[in-house]
Amino acid sequence: MRKFFAELTKKQKKMLLRIVVSVLLTLLLTVVLNIIPLNEYVSLILFLIPYLVIGYDVLLKAARNIVGGSIFDEKFLMTIATAGAFFTGDYREACAVMIFYQLGELFENIAVGRTRKSIAAIMDIRPDYANVIRDGEEQRVSPDEVFINDIIVIKPGERVPLDGVVLEGISSLNTAALTGEALPVDIVEGDSVISGAININGVIKVRVTSDYSGSTVSKILELVENASDKKARVEGFVSRFAKYYTPVVVILAVLLALVPPLILHSGWGEWIHRALIFLVVSCPCALVVSVPLTFFCGIGCASREGILVKGSNYLELLSKVTTVVFDKTGTLTKGVFEVEAIHPEESKYDLFELAAIAESKSNHPIALSIVRAYGKKGKEPDKSRLGTVEEIAGKGIKAEIDGEDVFVGNGALMELSGARFHECHKTGTILHVSVSGRYLGHIVINDEIKPESSKAVSELARDNIKTVMLTGDKKDRAEEIGKELGINEVYSDLLPQDKVVKVEELIADPASTIAFVGDGINDAPALMRSDVGIAMGALGSDAAVEASDVVLMNDNPLALPLAVVIARRTMRIVKENIVFALAVKVLILVLGAIGVAGMWVAVFGDVGVLIIAVLNALRAFKVKH
């Protein structure tokens with residue numbers, strides 16, 4: 001209890017004190033008046049004391065809203081209902097209704113506040129300072145005072161202030177707040193670092209590659225802060241519903257108070273009392289509060305898992321996805337070429353060594369993969385053996401090594417070299433090697449599939465979501481990857497504009513909701529054209545992140561089915577709250593109108609339903625993996 005009280009804000013503590021004082025005064029007056037009968041006017045004045053203690057701010061807000069032209073809200077309904085209770089002599093009921101209303105408001109405030117704190121703690125990634133080296137000295141400055149190509153020093157325990165590349169040092173980074181991944185990421189010289197991560201151990205020097213406004217942390221905070229601006233259709237429905245629902249209810253309450261006494265010639269007091277019950281239970285606050293809160297919790301839950309949703313409208317669309325379209329490279333695969341196999345034809349020459357030496361001066365991704373794979377053997381290409389190098393466009397490289405002509409490239413280059421070659425039984429990029437017209441064999445290079453891709457596809461299939469893969473790869477390699485992963489449909493040999501056309505064909509089906517997942521600049525048009533654009537954010541291009549509606553910060557395909565689970569769970573809770581609130585309110589409205597339900601039941605129909613709906617909404621903040 002002490003811990004609960006300590007966690008309350010000053011305003012919440014003040015409200016709790018007002019509730020306690022009002023409850024005690026109401027109970028005391030009830031006991032006293034049962035012992036000592038007092039004049040009706042004296043009783044009214046005495047009960048006005050606890051009523052004003054607990055409800056003065058509600059009365060003031062209702063008055064301000066009326067002056068401002070916004071009449072029909074829950075403050076107005078509470079004011080009318082409690083004032084009517086005083087008018088009919090139900091003083092204790094008037095105090096009790098206001099006490100329970102304020103108790104519900106306090107509970108809602110505490111629940112929302114705790115959710116905001118949880119999300120704020122998760123997203124507390126804004127760096128306070130940067131250690132920049134200027135004129136040979138280390139200076140502590142604000143991150144927005146650091147420029148591209150500046151050198152910064154990041155010490156153990158400090159937050160990475162800006163995106164950059166490691167120049168010196170070895171360390172590990174805690175990226176949990178950014179990606180949802182608990183395991184630290186090891187970094188060495190040449191690795192990229194993203195702002196918002198925490199340096200765990202070693203001191204590192206980093207060359208800044210983006211200013212603060214363009215940094216990862218700045219973009220994330222902007223996405224989270226703007227998420228509430230884009231409301232789901234169901235939120236818009238609730239707002240419109242409340243706008244028309246409240247005045248209709250007030251009119252019905254007035255009719256309930258006036259028409260039956262005139263027609264039935266019965267007492268006015270009984271029907272006015274029923275009309276007041278009608279007003280109390282009709283407050284739409286359970287819907288108005290719980291629906292936005294549920295979306296807020298759902299977006300917060302996704303953020304905690306490294307999934308940034310740019311608005312509740314996209315969360316709603318994500319829950320309806322029937323088809324997920326994947327770009328292959330960098331999404332299902334790592335986007336980095338790796339040597340998969342080496343098939344030598346003779347032992348006189350070291351096929352791999354010659355290929356590494358020949359490619360050692362090239363910056364082509366395939367050349368870099370050859371040199372990198374050779375380096376993993378603990379060796380470096382001996383460039384002293386390398387003479388002239390000639391790149392033959394569309395074919396490969398001709399290099400002079402130890403005075404002999406070495407050709408490294410595709411089949412067309414082998415034909416040019418005069419070597420008798422054969423194709424490999426494996427699919428992928430085949431790099432043939434020949435020396436002075438003698439065929440030495442070939443190297444198979446492929447873009448490695450991410451280990452999580454297969455499970456991600458199977459989990460989507462479990463959720464009855466069809467998967468499609470679009471790629472610029474050749475048909476045989478694309479189909480091999482599609483079969484290995486269990487993709488439903490594969491389309492290969494596509495240019496960026498072809499991907500957009502294919503997405504448009506899929507969208508043409510009115511029964512489908514299409515999500516496109518990509519990571520590169522060439523994916524931006526397809527991301528924007530799809531119903532839900534999903535970018536692999538940590539390694540993805542700025543254009544892809546900007547064009548997307550959802551960003552998977554950890555670049556892990558498994559985050560996608562998790563995002564769908566979170567979205568569907570959120571929408572399920574939203575629908576539960578709407579159905580529950582409306583069903584209970586309609587039932588009590590009917591019972592109150594026919595005189596079966598009293599004011600206490602009406603209070604439950606308002607405050608009780610609100611509390612239950614808020615508790616249910618908070619479930620959206622947690623998801624089972």
Side-chain angles (χ1 to χ4, degrees), residues 1 4-5 8-34 38 40 42-65 73-113 253 272-286 288-290 581 584-585 588 592 597-615:
M1 189 67 183
F4 168 78
F5 189 75
L8 299 180
T9 65
K10 188 176 180 181
K11 186 177 180 180
Q12 290 168 348
K13 289 176 181 177
K14 183 180 177 182
M15 175 55 73
L16 182 60
L17 179 62
R18 286 171 56 195
I19 290 171
V20 171
V21 170
S22 185
V23 168
L24 292 176
L25 286 175
T26 302
L27 291 175
L28 179 63
L29 287 173
T30 301
V31 172
V32 169
L33 291 176
N34 283 335
L38 295 175
E40 192 72 23
V42 175
S43 297
L44 170 63
I45 292 170
L46 289 175
F47 272 105
L48 277 173
I49 296 172
Y51 175 77
L52 292 174
V53 167
I54 192 62
Y56 74 87
D57 52 338
V58 175
L59 302 179
L60 289 174
K61 186 68 182 291
R64 289 196 196 102
N65 288 347
D73 65 354
E74 67 270 18
K75 303 288 191 301
F76 173 78
L77 294 179
M78 283 296 115
T79 300
I80 295 297
T82 52
F86 271 109
F87 178 76
T88 57
D90 296 321
Y91 307 144
R92 283 173 296 183
E93 280 195 354
C95 293
V97 168
M98 193 61 79
I99 288 169
F100 277 102
Y101 173 74
Q102 292 286 47
L103 186 64
E105 289 283 293
L106 175 63
F107 182 84
E108 174 207 332
N109 191 271
I110 292 171
V112 174
I272 289 174
H273 186 73
R274 293 186 188 185
L276 295 176
I277 292 171
F278 198 85
L279 283 176
V280 170
V281 75
S282 66
C283 280
C285 48
V288 174
V289 170
S290 68
V584 172
K585 285 184 179 292
I588 298 177
M599 187 63 79
W600 291 103
V601 178
V603 170
F604 168 77
D606 178 38
V607 178
V609 169
L610 170 64
I611 291 174
I612 293 171
V614 167
L615 282 173

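Just so you know, residue 1 is the first one in the sequence shown, and it goes up from there.
Note: I54 CD1 to Q102 CD = 5.0 Å, rounded to the nearest 0.5 Å. In this structure, the separation between OG on S43 and CG on L29 is 8.5 Å, given to the nearest 0.5 Å.
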Run the numbers on V32 and L28 for side-chain contact (heavy atoms from CB on, under 4.5 Å), then give the verdict. CA-CA 6 Å; V32 169; L28 179 63; 4.2 Å; yes
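V21 is not listed as a side-chain neighbour of P50, based on a closest heavy-atom distance of 4.5 Å or more. Taking 4.5 Å as the limit, some side-chain heavy atom of M15 sits within range of a side-chain heavy atom of D57. In this structure, R18 and Y56 have side chains that are in contact, with non-hydrogen atoms separated by less than 4.5 Å. Counting only heavy atoms from C-beta outward, the side chains of L25 and F47 never approach each other to under 4.5 Å. L52 is listed as a side-chain neighbour of L59, based on a closest heavy-atom distance under 4.5 Å. Residues E40 and Y91 have side chains in contact (heavy-atom distance under 4.5 Å, counting atoms from C-beta outward).
Distance alone, capped at 3.5 Å, is enough to place a donor-acceptor pair between the T30 side chain and the T26 backbone.
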